[in-house]
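Report on the following structure.
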Number of protein chains: 2
Amino acid sequence: MSIARLTFVWSAASNFNRRYRMVIHTSDFESEEIRSLALFSSLDDARFSMLMRGAYVQNLPPMIDLITEGDKSDFLHVLISGSVELFANWNDHETTMAVLRPTSTFILAATIRQARYLMSARTLEKSRIVLVPSEDVSAMFDLAPDFARAVVTELAICYRANIMTTKNLKLRSSLERLANHLLAERKLAGDTQSFELGIEKRRLASSLGMTPENLSRAFRQLKPYGVAIDGSRVIIADPSDLEGLAKPADLIDEPCLK
Amino acid sequence: MSIARLTFVWSAASNFNRRYRMVIHTSDFESEEIRSLALFSSLDDARFSMLMRGAYVQNLPPMIDLITEGDKSDFLHVLISGSVELFANWNDHETTMAVLRPTSTFILAATIRQARYLMSARTLEKSRIVLVPSEDVSAMFDLAPDFARAVVTELAICYRANIMTTKNLKLRSSLERLANHLLAERKLAGDTQSFELGIEKRRLASSLGMTPENLSRAFRQLKPYGVAIDGSRVIIADPSDLEGLAKPADLIDEPCLK
DNA sequence: CGTCGAATTGACCGCGATCAAGGAAGGTGG
DNA sequence: CCACCTTCCTTGATCGCGGTCAATTCGACG
């Protein structure tokens with residue numbers, strides 16, 4: 001691997017869409033992180049370099065629009081650090097579809113279909129994102145069978161995650177959704193007694209399909225179940241207590257079953 | 001193509017799961033219908049036969065459980081005629097996730113991941129379903145690059161359909177969902193003045209995320225917009241009138257954008 | 001004609017949204 | 001360092017969408 005050669009480009013497109021672009025001819029650090037993704041790990045060095053040749057990194061501040069629903073898909077996105085919100089609009093309403101954390105890919109389906117985005121995306125924190133041209137992904141799909149399999153696996157995982165989201169929305173009340181979310185976050189944090197929400201409450205509310213006001217009240221409703229809130233820190237006294245209410249289910253909540 | 005050789009098998013597994021199996025060494029009629037699917041159309045005759053060798057057809061009465069969520073995925077399912085409901089359960093609640101019509105595949109994602117089903121499925125009408133062993137699909141994926149591409153395309157379509165469902169649920173009221181559903185059905189029927197619902201109202205209600213009672217009232221609320229109901233027949237006087245309420249959007253309602 | 005499930009209708013209630021006001025936290029400039 | 005602003009969060013009051021329960025009607029089928 002060669003040493004990183006960085007080029008800095010200011011695109012004056014718009015205030016909301018200014019981009020700090022860094023063309024990488026594969027930086028060592030970046031590559032390791034991207035390579036470790038299931039999607040790319042099957043590629044040999046030569047092919048991985050080939051795929052990264054047309055790719056570039058964006059180093060972005062918070063609240064930058066990455067993509068807008070309705071636009072044509074050009075790049076597969078890979079989130080390396082920071083966090084990204086996927087959201088959608090209709091009739092002056094907006095809803096959070098998902099909040100992504102590293103390391104994950106997004107808009108793979110639109111890339112494959114070469115169709116318009118169904119969702120918009122923006123950074124929530126300072127983030128580092130790799131963009132791989134759609135045609136390169138497509139070409140590699142035909143060239144490397146292992147990569148084809150990795151792509152279809154990745155997509156199947158995303159699909160199943162979405163099915164879980166739909167089940168969550170249709171089968172549970174907002175209080176139950178919150179309770180299960182907290183249990184899932186707790187597990188993610190390593191079953192510690194307290195953990196950070198890691199996301200603004202209003203976005204959490206939207207991603208759970210509720211209003212900020214309702215979320216606030218829902219937190220209080222969870223007090224009898226041993227849930228305490230201190231700013232963005234959540235303390236769960238006894239998880240089994242909360243599980244009685246939440247009734248977590250593998251086929252809705254278990255991320256490894258995606 | 002050889003003439004169909006049919007074998008009739010009665011599996012006495014359970015009352016709810018009795019199966020009328022017909023092993024097909026490729027019937028002409030069936031094959032044409034399956035071949036015409038985007039998923040299989042890229043395969044040459046030899047490979048298509050190979051894929052169908054281990055497959056068999058089920059000829060099923062209404063209300064037969066096909067798969068149960070949580071079970072391990074064994075077969076890719078293809079609906080040839082009739083209709084199939086995908087549904088999910090949690091905590092004694094049940095919800096309709098989708099109603100499928102010919103010709104379409106289902107549980108492709110579970111097949112690929114070789115994971116447990118996230119949804120259950122049952123026939124709604126007398127239906128004809130082809131089952132292709134998961135390992136055969138998997139083998140053909142590696143063998144035929146065109147098939148691999150067809151699989152990933154099919155999956156991307158399903159993924160995007162699901163994103164649309166989520167947007168529909170989170171961004172619209174139940175009345176708006178119904179209005180848009182009616183407009184979509186009308187278009188599907190060829191923009192005729194009246195059309196059949198083609199599904200029990202209670203299932204329609206569930207698939208729209210509402211109760212049967214609420215659906216009943218929603219229909220009446222649509223009366224001022226020129227919507228009349230006669231049994232399972234819907235008459236829309238002036239679609240543009242209804243569109244004023246529904247505000248249909250490409251990125252939620254347009255099936256071709258999947 | 002009788003039966004059973006589905007659909008409708010009515011009465012009621014609760015979840016969650018909306019509107020409005022009041023804090024708390026963090027950032028900026030004097 | 002503090003006054004001020006902005007933004008998010010919280011809390012209260014109220015409203016309406018949609019769910020629940022119950023009774024009735026409708027319709028398919030034997």
Side-chain angles (χ1 to χ4, degrees), chain A residues 61-63 85 90-96 99 122 124-126 168-182 196-224 227-234 245-246, chain B residues 61-63 85 90-96 99 122 124-126 168-182 196-224 227-234 245-246:
Chain A
M63 295 304 290
E85 176 186 24
W90 178 78
N91 197 28
D92 292 330
H93 295 281
E94 175 175 319
T95 191
T96 300
V99 175
R122 66 166 74 97
L124 291 181
E125 314 166 36
K126 194 165 165 300
N168 197 30
L169 276 174
K170 292 185 77 176
L171 291 168
R172 286 173 173 160
S173 70
S174 62
L175 191 65
E176 290 166 337
R177 291 197 294 274
L178 174 60
N180 278 292
H181 176 81
L182 294 182
E196 288 291 325
L197 272 182
I199 174 183
E200 280 172 301
K201 285 183 187 164
R202 64 203 193 91
R203 286 180 217 285
L204 174 60
S206 180
S207 88
L208 292 175
M210 53 205 293
T211 56
E213 296 94 323
N214 196 14
L215 177 64
S216 227
R217 287 170 186 122
F219 271 126
R220 284 213 309 193
Q221 283 182 271
L222 290 182
K223 218 170 179 180
V227 176
I229 307 294
D230 177 25
S232 67
R233 178 157 285 273
V234 180
L245 170 71
Chain B
M63 296 304 291
E85 176 186 24
W90 177 77
N91 198 28
D92 293 327
H93 295 281
E94 175 174 319
T95 191
T96 300
V99 175
R122 67 165 74 96
L124 290 182
E125 313 166 36
K126 193 164 166 301
N168 197 29
L169 277 173
K170 292 185 76 175
L171 289 169
R172 287 173 173 161
S173 71
S174 62
L175 191 65
E176 290 166 336
R177 290 197 295 274
L178 174 60
N180 278 293
H181 176 81
L182 294 182
E196 289 291 325
L197 272 182
I199 173 183
E200 280 172 303
K201 285 183 185 166
R202 63 201 194 92
R203 284 180 220 284
L204 174 60
S206 180
S207 88
L208 292 175
M210 53 206 292
T211 57
E213 296 95 324
N214 196 16
L215 177 64
S216 226
R217 287 167 188 127
F219 270 126
R220 286 210 311 192
Q221 282 183 268
L222 290 182
K223 217 170 181 180
V227 176
I229 307 294
D230 176 26
S232 66
R233 178 157 285 273
V234 180
L245 171 71

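Regarding I199(B), its CD1 atom lies at a distance of 15 Å from the C1' atom of dA7(C), rounded to whole Å. Rounded to a whole Å, the CG atom of L204(A) is 15 Å from the P atom of dC8(D). In this structure, NZ of K223(A) is placed 13 Å from C1' of dT11(D), rounded to the nearest angstrom. Summarising the geometry, the separation between CG on L197(B) and P on dA6(C) is reported as 16 Å, rounded to the nearest angstrom.
Taken from NE2 in H93(A) to CD in E176(B), the straight-line distance is 6.5 Å, to the nearest 0.5 Å. Interatomic distance, R172(A) CZ to N91(B) CG, rounded to the nearest 0.5 Å: 8.5 Å.
Counting heavy atoms from C-beta on, the side chains of T96(B) and R202(B) never come closer than 4.5 Å. Two residues are said to be in side-chain contact when any heavy atoms from C-beta on lie closer than 4.5 Å; H181(A) and L204(A) meet this criterion. Contact annotation: the side chain of R203(B) approaches that of L124(B) to within less than 4.5 Å [non-hydrogen atoms, C-beta and beyond]. The side-chain heavy atoms of L169(A) and R177(A), taken from C-beta on, include a pair separated by under 4.5 Å. With contacts defined as side-chain heavy-atom distances shorter than 4.5 Å, the pair L197(A)/I229(A) does not qualify.
Of all non-hydrogen atoms in A246(A) and N180(A), the two that sit nearest each other are O-ND2, 2.9 Å.
Annotation: the terminal axes of the helix from dC1(C)-dG30(D) to dG30(C)-dC1(D) meet at 30°, where each axis is the rotation carrying the C1' atoms of four end pairs onto the next four (5 pairs per end, rounded to 10°).
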> How does protein reach along nucleotides 8-26 of chain C, written 5' to 3' as B (base within reach of a heavy atom under 4.0 Å), S (only sugar-phosphate), or - (no contact)?
Replying inline: SBBB----SSBB-------
